Amino acid sequence: MTKLLHQRYQLLETLGQGSVGTTYRAIDHQSKRQVAIKRLSLRHAADWKVIELFEREATVLARLDHPQIPQYLDYFVEDRGVGGVEAVGEVEGVEAVGGVGGQQTRYFYIVQQLAEGESLADWIEQGGRFTEREIRAIALQILDILEYLHGLEPPVVHRDLKPQNLIRQPDGTIVLVDFGAVATTYYQTMMRGSTVVGTYGYMAPEQFRGQAVPATDLYGLGATLLFLLTRRSPAELPTQQLKVQFRSHLQLSATFTDWLEQLLEPTIKTRFSSATEAKKALKFKSSRRSFPVAIAAVATVLGLAIIGPLLLERYKYSFINKLGLTDNIYAQIEEEELSIQEYLDHGGDPDISDQYGRTLIYWAIILQEEEMVKQLMQQGGNLQVVDDKGQTLLHKAARGSTVIFQDLLTSNQIDIWIKDKDEKTAIHYMEEQSTVHFASQYLKNASISESQREELFGQLLEQSMEKNFLQSAISIKTDFPDFSAVTWA
């Protein structure tokens, strides 16, 4: 049997490489429970600053007590041989820690409760998707953790909030791990500055100057939510004066978009100042739309007394539309608190638009309700909808269901070459290879000019290469080898 660490811990497998040290799954032979052990080798430490960060992490963890932060269990130091015959590396995924013989080195260990589940980064990589409603719920969970950390004396700033450090447990609980970059305001004040640590794309601008305040973690939260929504690193999105330009890449409610944008403000003064403020703003923006609906409910009750229950039940959403409260009804549909069919069954107008130019078929596309989109099309729904961003229904469908995109395109009521305010066609928003393939087949025989055909196929090829749709790229290049608009990458 492999020699135990600290006479009780046996490493089982490598869980990952963090900002400071390597983390392993291990068994504690005293408690008979699995734990997480983070290890740092003095031999691999670039300088004493790394050791200092590791010891600081242990000190901070020892005073944390929150159900969504793994409990601190132990900290110890051991001297072991390097390259000896005894090695934990007999277990797959665990590098050797040495044993008898070889050069001696010092290892530092932090033992914590094991957070079962998978990181949000792994969840997205494996094809997971979140609705806006789910993203809001995740944000509130993380804000609860940050509210606790920042409320300590002195406040604790994580500094490395990112999808890899957020574990999603089977019951949906989010757990924050890896405090290797942690900072306290006390430490920064005494040391007159702090080490630049964090992950590019998730670091607030002030971190590049070695600063970290509670609002720094709010920026990391915003960047994390942006990754969950776009499935791309925030570093890949365009910026203007350090501000991430993400609005054209997402289909979100206006209130949530505004809230997310404030999290990502590059200047601390214009960002939310605290997790508490951000949480209150998110809850307010989520609930305030229901207030006019409550007014409509009162009107409904009055109507019941006046014109009778059957008539009002049949046409209640027609009355609500006439009261100018369509935005609030669509918000309920977006959050799946109200079904599209129920809205229609009770007199809702499918072609009435909200303040952003979005109609019911828009929301059916966003929610990827393929049969409902067909139903609305068969009922003569308006397909010429253009929202405040200049995007058509094809722009929206391009991100989701290929079936919906196909139905809209073959209706011949929407031009695929229409560009939005960012000068992008629907092709630029395609997320599925099957959508790219269908569009390429459709464009071969479409009644468009050759210059338009070449431009659109060029966009299809560029999108295929960007999304790594190699099969589509090869097919397009094979069918149209002489495109002047694109080059083979």
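Position 1 is the first residue of the sequence; numbering continues from there. Values below: all heavy atoms of this structure, side chains included; hydrogens, waters and symmetry mates excluded. Keep in mind it's a predicted model, so treat the numbers as computed, not measured.
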Discussion item. Determine whether Trp363 and Ile361 satisfy the following criterion, side-chain contact (heavy atoms from CB on, under 4.5 Å), listing intermediate values before the conclusion.
Written reply: CA-CA 5 Å; Trp363 293 113; Ile361 196 169; over 6 Å; no
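- Atom CG of residue Leu252 and atom CG of residue Asp258 lie 10.5 Å apart, to the nearest 0.5 angstrom.
- In this pair, Tyr75 and Phe54 present their aromatic rings tilted. The plane angle is within the 30 to 60° band.
- A salt bridge links Arg271 to Glu206: at least one charged side-chain nitrogen sits closer than 4.0 Å to a carboxylate oxygen.
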Worksheet item: Is there a side-chain contact (heavy atoms from CB on, under 4.5 Å) between Leu166 and Ile142 once you walk through the steps?
Response: CA-CA 9 Å; Leu166 292 160; Ile142 299 171; 3.7 Å; yes
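- Checked options Leu226, Leu221, Thr239, Leu242; the residue passing with Leu264 is Leu226 (criterion: side-chain contact (heavy atoms from CB on, under 4.5 Å)).
- Glu277 and Lys280 are not joined by a salt bridge, as no carboxylate oxygen comes within less than 4.0 angstrom of a charged side-chain nitrogen.
- Here Glu342 pairs with nothing under the salt bridge (charged side-chain N to carboxylate O under 4.0 Å, His left out) rule; sequence neighbours left out.
- Judged purely by distance below 3.5 Å, without hydrogens or angles, the side chains of Ser353 and Thr359 never pair a donor atom with an acceptor atom.
- For Tyr72, the side-chain hydrogen bond (donor to acceptor under 3.5 Å, both in side chains) test picks out no residue, with sequence neighbours left out.
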Practice prompt. Determine, step by step, whether Gln459 and Thr425 satisfy the side-chain hydrogen bond (donor to acceptor under 3.5 Å, both in side chains) criterion, reporting the C-alpha distance in whole Å, the side-chain angles of both residues, the deciding distance to 0.1 Å, and the verdict.
Written response: CA-CA 9 Å; Gln459 293 173 13; Thr425 68; 2.6 Å; yes
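- Taking CG from Leu152 and CG from Asp65, the interatomic distance works out to 10.0 Å, rounded to the nearest 0.5 Å.
- When all heavy atoms of Ala398 and Thr435 are compared, the closest pair comes out as O-CG2, 4.4 Å.
- Looking only at atom types and distance, the side chain of Gln141 has a donor-acceptor partner in the side chain of Gln68 under 3.5 Å away.
- Ring pair Tyr148/His66 is tilted by interplanar angle, where 30° to 60° counts as tilted.
- A salt bridge does not link Glu431 to Arg129: none of the charged side-chain nitrogens sits closer than 4.0 Å to a carboxylate oxygen.
- In terms of the salt bridge (charged side-chain N to carboxylate O under 4.0 Å, His left out) criterion, Lys421 has no residue partners (sequence neighbours excluded).
- Scanning all heavy atoms of the two residues, the minimum distance from Val373 to Ala364 falls at CG2-CB, 3.7 Å.
- Within the model, atoms CZ of Arg159 and CG of Leu53 stand 7.0 Å from one another, a figure rounded to the nearest 0.5 Å.
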Practice prompt. With salt bridge (charged side-chain N to carboxylate O under 4.0 Å, His left out) as the test, would you mind laying out the steps for Lys396 and Asp387 before giving the verdict?
Written response: CA-CA 10 Å; Lys396 303 303 176 184; Asp387 67 12; 3.3 Å; yes
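- Each of Val403, Thr410, Leu443 was evaluated against Phe438; a single residue qualifies, Thr410, per the side-chain contact (heavy atoms from CB on, under 4.5 Å) test.
- Side-chain atoms of Leu376 and Leu360, non-hydrogen and from C-beta on, do get closer than 4.5 Å to each other.
- Salt-bridge check for Asp422 with Lys389: failed, with every basic side-chain N at 4.0 Å or more from each acidic carboxylate O.
- Annotation for Gln241: atom CD does not count as buried by contact number, only 12 or fewer foreign heavy atoms lying within 6.0 Å.
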Worksheet item: Could you walk me through whether Leu176 and His158 pass the side-chain contact (heavy atoms from CB on, under 4.5 Å) check?
Response: CA-CA 9 Å; Leu176 178 61; His158 188 277; 3.6 Å; yes
Item to complete: Any chance you could lay out the side-chain contact (heavy atoms from CB on, under 4.5 Å) test for Ile174 and Leu120, step after step, and finish with the verdict?
Response: CA-CA 9 Å; Ile174 303 299; Leu120 293 180; 4.2 Å; yes
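- The local environment of CD in Glu134 is crowded, with over 12 non-hydrogen atoms from other residues, nucleotides or ligands closer than 6.0 Å.
- In this view, Thr392 and His395 satisfy the side-chain hydrogen bond (donor to acceptor under 3.5 Å, both in side chains) rule, not counting sequence neighbours.
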Item to complete: For Glu125 and Arg232, run salt bridge (charged side-chain N to carboxylate O under 4.0 Å, His left out): C-alpha distance rounded to whole Å, both residues' side-chain angles, the deciding distance at 0.1 Å, then the answer.
Response: CA-CA 10 Å; Glu125 185 177 346; Arg232 298 170 62 185; over 6 Å; no
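- The heavy-atom pair separating Pro234 from Ala223 by the smallest distance is CG-O, 3.3 Å.
- Atom CD of Glu132 sits about 3.5 Å away from atom OG of Ser253, to the nearest 0.5 Å.
- Counting heavy atoms of neighbouring residues, nucleotides and ligands inside a 6.0 Å radius, atom NE2 of His249 exceeds 12 of them.
- Annotation: side chain of Tyr343 is in contact with side chain of Ile333 (closest heavy-atom distance under 4.5 Å).
- The CG atom of Leu460 sits 11.5 Å away from the NE2 atom of His437 when rounded to the nearest 0.5 Å.
- With no hydrogens or angles considered, a side-chain donor-acceptor pair links Tyr429 and Asp420 at under 3.5 Å.
- Ring geometry, Phe208 versus Tyr200: the interplanar angle exceeds 60°, so the pair is classed perpendicular (tilted spans 30 to 60°).
- A side chain to side chain donor-acceptor pair (under 3.5 Å) with Ser401 is found for exactly one of Glu370, Gln406, Glu369, Glu432, namely Glu370.
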Item to complete: Could you walk me through whether Arg231 and Glu236 pass the salt bridge (charged side-chain N to carboxylate O under 4.0 Å, His left out) test, one step at a time?
Response: CA-CA 10 Å; Arg231 304 166 65 83; Glu236 298 176 9; over 6 Å; no
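- Distance check: Ile416 CD1 to Gln452 CD gives 11.0 Å after rounding to the nearest 0.5 Å.
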Item to complete: For side-chain hydrogen bond (donor to acceptor under 3.5 Å, both in side chains), just list the numbers for Thr199 and Asp160, CA-CA rounded to whole Å, side-chain angles, deciding distance to a tenth of an Å, and then say yes or no.
Response: CA-CA 6 Å; Thr199 302; Asp160 200 17; 2.8 Å; yes
Discussion item. Between Lys279 and Glu147, does the salt bridge (charged side-chain N to carboxylate O under 4.0 Å, His left out) criterion hold? Intermediate values first, please.
Written reply: CA-CA 9 Å; Lys279 187 167 68 171; Glu147 193 172 33; 2.5 Å; yes
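- Using modelled atom types and a 3.5 Å distance limit, the side chains of Thr276 and Ser274 yield no donor-acceptor pair.
- Listed by chain and residue number, nothing satisfies the ring pair (Phe, Tyr, Trp, His ring centres under 6.0 Å) test with Trp417 (two or more places apart in sequence, or in another chain).
- Taking 4.0 Å as the cut-off between side-chain N and carboxylate O, Arg247 and Glu261 count as a salt-bridged pair.
- Within the 4.5 Å cutoff, the side chain of Tyr219 has no heavy atoms near those of the Leu263 side chain.
- Ion pair Lys38/Asp178 flagged as a salt bridge, since at least one NZ, NE, NH1 or NH2 atom sits closer than 4.0 Å to an Asp/Glu carboxylate oxygen.
- Residues satisfying the side-chain hydrogen bond (donor to acceptor under 3.5 Å, both in side chains) criterion with Gln112, sequence neighbours excluded, are absent altogether.
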